[in-house]
Amino acid sequence: VYYEEKHALESEVEKRGQALARNLAANADELLLSAAADPMAFATLVDAAGKEEGVADVWIAGRGGWLVCHGDPAVQRRIDRGDKVRSSATNTGVAMRADAASGASSASPNRVPSARAERAHVNEGVLRFAVGLGKTGAVGLSLSLDVARAAVRRAAAGIAAIAALGIAI
């Protein structure tokens, strides 16, 4: 039962990460298409996504994979100074290549961002997700596995308590 619960929770965390990444992509796509996009609008999106429980990192990249906004203040300061900063090459490359292969285009202002919010890899206790926006750019976020692990520990404690009650009866 424990392993089934653990697998179910991990699956839910992955679905949540994909949903958050797709939502961020849908909101960022319009801004990236606008030539006069306000940097504060990108910051608002990144801040909102970063406040979600378990979100460890958030970024928005424009054409060529150059970062437009990042949730890490140190990285954002570099962007604000005008430094050309690339996002995680794995995430941006995966997302942008997936969109290019699918023929996704930013030509339609009402298009839906790629459904490929991919789990690029698990590294250092986070699940990384990226969504390509065709030639417009990409967005990404990382979810901490600590939230899922805490839920698994709570579930295991509940299962143990129920088992102990069953033995006592």
Side-chain angles (χ1 to χ4, degrees), residues 10-149:
E10 288 172 351
S11 176
E12 287 304 311
V13 168
E14 188 162 344
K15 287 177 189 173
R16 181 170 176 266
Q18 290 173 342
L20 288 170
R22 284 188 192 111
N23 186 46
L24 178 63
N27 291 319
D29 195 33
E30 284 292 319
L31 288 175
L32 288 167
L33 286 169
S34 169
D38 177 13
M40 289 305 295
F42 289 112
T44 300
L45 288 178
V46 166
D47 289 345
K51 289 179 182 172
E52 291 287 333
E53 183 182 18
V55 172
D57 189 25
V58 183
W59 52 264
I60 299 173
R63 295 180 192 272
W66 299 110
L67 285 174
V68 175
C69 193
H70 198 284
D72 181 340
V75 175
Q76 188 57 46
R77 280 192 295 277
R78 291 179 56 205
I79 295 167
D80 293 343
R81 280 196 316 253
D83 293 352
K84 291 255 185 191
V85 182
R86 283 199 186 267
S87 63
S88 164
T90 302
N91 285 339
T92 306
V94 164
M96 293 179 90
R97 280 193 307 273
D99 254 17
S102 72
S105 162
S106 295
S108 167
N110 297 320
R111 77 179 181 84
V112 176
S114 170
R116 279 187 237 1
E118 297 191 22
R119 183 173 102 169
H121 59 284
V122 178
N123 184 19
E124 299 174 9
V126 296
L127 284 175
R128 299 186 193 282
F129 299 88
V131 177
L133 300 171
K135 294 179 181 177
T136 310
V139 301
L141 60 86
S142 300
L143 278 183
S144 171
L145 292 175
D146 291 342
V147 174
R149 289 178 181 142

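As a basis for the values below, the full set of heavy atoms in this structure was taken, side chains included, without hydrogen atoms, waters or symmetry mates. Position 1 is the first residue of the sequence, and the numbers go up from there.
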Of all heavy-atom pairs between [X] and [Y], which one has the smallest distance, and what is that distance?
X      : Y     : result
Val131 : Ala25 : CG1-CB, 3.6 Å
Gly62  : Val68 : N-CG2, 3.5 Å
Asp72  : Ala74 : OD1-N, 2.9 Å
Ala49  : Val55 : O-CG2, 3.4 Å

Return the set of residues passing side chain to side chain contact (heavy atoms under 4.5 Å, CB included) with Val46 (not counting sequence neighbours), or none when no residue passes.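 So Val46 forms a side chain to side chain contact (heavy atoms under 4.5 Å, CB included) with Val58, Ile60, Cys69.
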
How long is the gap from [atom1] on [X] to [atom2] on [Y], to the nearest 0.5 Å?
X      : Y     : atom1 : atom2 : result
Arg77  : Asp80 : CZ    : CG    : 9.0 Å
Lys135 : Leu33 : NZ    : CG    : 12.5 Å
Lys15  : Glu12 : NZ    : CD    : 4.5 Å
Asp83  : Leu67 : CG    : CG    : 11.0 Å

side-chain contact (heavy atoms from CB on, under 4.5 Å) assessment of Leu32 paired with Phe42: CA-CA 9 Å; Leu32 288 167; Phe42 289 112; 3.9 Å; yes

With heavy-atom distances below 4.5 Å as the criterion, would you say the side chains of Glu30 and Ser34 are in contact?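 Result no, sub-4.5 Å side-chain heavy-atom pair not found.
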
Would you check if the side chain of Asp38 reaches a backbone N or O of Met40 as a donor-acceptor pair within less than 3.5 Å?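 Flag set: sc Asp38 to bb Met40 pair under 3.5 Å.
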
Pair listing, salt bridge (Lys or Arg N to Asp or Glu O under 4.0 Å) test, anchored in residues 42-62, at least two apart: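 Residue pairs with at least one partner in residues 42-62: Arg16-Glu52.
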
Walk me through whether Arg22 and Phe129 qualify under side-chain contact (heavy atoms from CB on, under 4.5 Å). CA-CA 9 Å; Arg22 284 188 192 111; Phe129 299 88; over 6 Å; no

